Amino acid sequence: EAGVAQSPRYKIIEKRQSVAFWCNPISGHATLYWYQQILGQGPKLLIQFQNNGVVDDSQLPKDRFSAERLKGVDSTLKIQPAKLEDSAVYLCASSLLRGVPSYEQYFGPGTRLTVT
Amino acid sequence: KQEVTQIPAALSVPEGENLVLNCSFTDSAIYNLQWFRQDPGKGLTSLLLIQSSQREQTSGRLNASLDKSSGRSTLYIAASQPGDSATYLCAVRPNTGGFKTIFGAGTRLFVKA
């Protein structure tokens with residue numbers, strides 16, 4: 001089975017510019033997650049979708065970050081305008097809504113963002 | 001508020017040694033706990049997932065245990081190899097409050113040949 005796909009793999013932008021990341025989850029996975037991983041830290045959940053609805057976005061900086069999953073399949077995460085502290089790896093993951101073992105998360109390769 | 005701590009932050013061992021990585025969490029109300037491996041510049045690879053009703057899971061040379069009451073999990077790696085060098089992360093999925101997964105900062109493991 002194909003894994004979680006993400007693009008681009010790397011992105012370098014200047015502060016105040018905008019950037020978008022794309023994620024395509026494993027086929028049939030209802031739940032999709034976006035994480036931010038700063039160097040030396042564990043991933044931090046930014047937003048969690050179940051189908052095309054938002055389950056949790058409590059840690060998403062909504063003044064600059066936005067995400068959508070319009071048809072309940074692939075998703076985009078946007079940052080506008082970017083700040084230096086947004087430099088991180090952005091990870092997308094997906095999981096089955098039900099099934100054994102449920103909620104086991106499968107991760108994509110990530111997008112490494114550098115803001116200069 | 002759930003917090004996940006991993007000790008040690010870094011570990012260097014000679015090849016062939018058995019080792020234990022530790023993960024502790026502050027709230028025992030969890031749905032599951034998952035151990036991941038992360039190679040430099042790569043995404044996370046799932047190693048083992050333990051449901052809240054389980055005590056341990058095994059896969060090859062890896063064994064993960066879970067003690068919910070004490071808020072602890074361990075990942076045991078038998079007969080370590082240089083290819084095991086990576087960062088190991090544990091993650092807890094609460095069964096309350098939106099089910100937001102909380103990660104530890106990871107243990108960086110280096111296995112010397």
Side-chain angles (χ1 to χ4, degrees), chain A residues 1 3-7 9-10 21 23-26 29-50 53-60 88-114, chain B residues 1-10 21-25 30-54 56-59 64 66 73 86-108:
Chain A
E1 113 188 314
V4 177
Q6 289 188 249
S7 66
R9 291 295 314 278
Y10 306 93
F21 313 127
C23 172
N24 189 270
I26 293 173
H29 281 196
T31 308
L32 185 147
Y33 315 78
W34 282 103
Y35 290 89
Q36 179 192 60
Q37 186 177 25
I38 292 172
L39 187 64
Q41 299 181 17
K44 180 182 81 171
L45 182 70
L46 293 176
I47 189 167
Q48 178 179 334
F49 292 95
Q50 189 164 298
V54 175
V55 173
D56 190 312
D57 63 356
S58 58
Q59 298 189 120
L60 186 73
V89 176
Y90 291 85
L91 296 162
C92 179
S94 69
S95 64
L96 282 167
L97 180 60
R98 294 181 179 86
V100 179
S102 60
Y103 298 114
E104 181 170 6
Q105 296 187 43
Y106 298 85
F107 281 77
T111 297
R112 182 176 297 277
L113 174 67
T114 302
Chain B
K1 177 186 174 186
Q2 179 73 271
E3 293 182 2
V4 179
T5 304
Q6 292 188 246
I7 294 173
L21 307 181
N22 296 292
C23 173
S24 62
F25 47 96
I30 65 170
Y31 186 81
N32 62 36
L33 183 146
Q34 197 167 356
W35 282 94
F36 294 89
R37 169 186 172 137
Q38 186 172 33
D39 293 285
K42 301 289 180 63
L44 279 66
T45 301
S46 178
L47 298 174
L48 291 164
L49 181 146
I50 310 177
Q51 301 288 10
S52 62
S53 59
Q54 297 174 324
E56 65 176 351
Q57 285 286 330
T58 298
S59 176
L66 174 63
S73 176
T87 296
Y88 291 81
L89 296 148
C90 77
V92 168
R93 188 184 185 100
N95 60 13
T96 59
F99 307 94
K100 180 168 58 191
T101 301
I102 308 295
F103 278 82
T107 294
R108 281 186 297 147

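On a predicted model such as this, the values are computed, not experimentally measured, just so you know.
- Interatomic distance, Arg112(A) CZ to Lys42(B) NZ, rounded to the nearest 0.5 Å: 11.5 Å.
- Shown here is Arg37(B), whose CZ atom has more than 12 heavy atoms of other residues, nucleotides or ligands within 6.0 Å.
- Distance check: Gln51(B) CD to Glu104(A) CD gives 8.5 Å after rounding to the nearest 0.5 Å.
- With a threshold of 4.5 angstrom between heavy atoms, Leu89(B) approaches chain A through side-chain atoms but not through N, CA, C or O.
- Only the side chain of Gln37(A) has a heavy atom closer than 4.5 Å to any heavy atom of chain B.
- Across Ser58(A) and Lys100(B), no two heavy atoms sit closer than the pair OG-NZ, 3.1 Å.
- Only the side chain of Gln38(B) comes within less than 4.5 Å of a heavy atom in chain A; its backbone stays farther off.
- Annotation: the span from Ser95(A) atom OG to Gln34(B) atom CD amounts to 9.0 Å, rounded to 0.5 Å.
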>> Would Thr101(B) and Tyr35(A) count as a side-chain contact (heavy atoms from CB on, under 4.5 Å) here? Give the steps.
In response: CA-CA 10 Å; Thr101(B) 301; Tyr35(A) 290 89; 3.5 Å; yes
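- Of all heavy-atom pairs between Gln105(A) and Ser46(B), the closest is O-CB, 4.1 Å.
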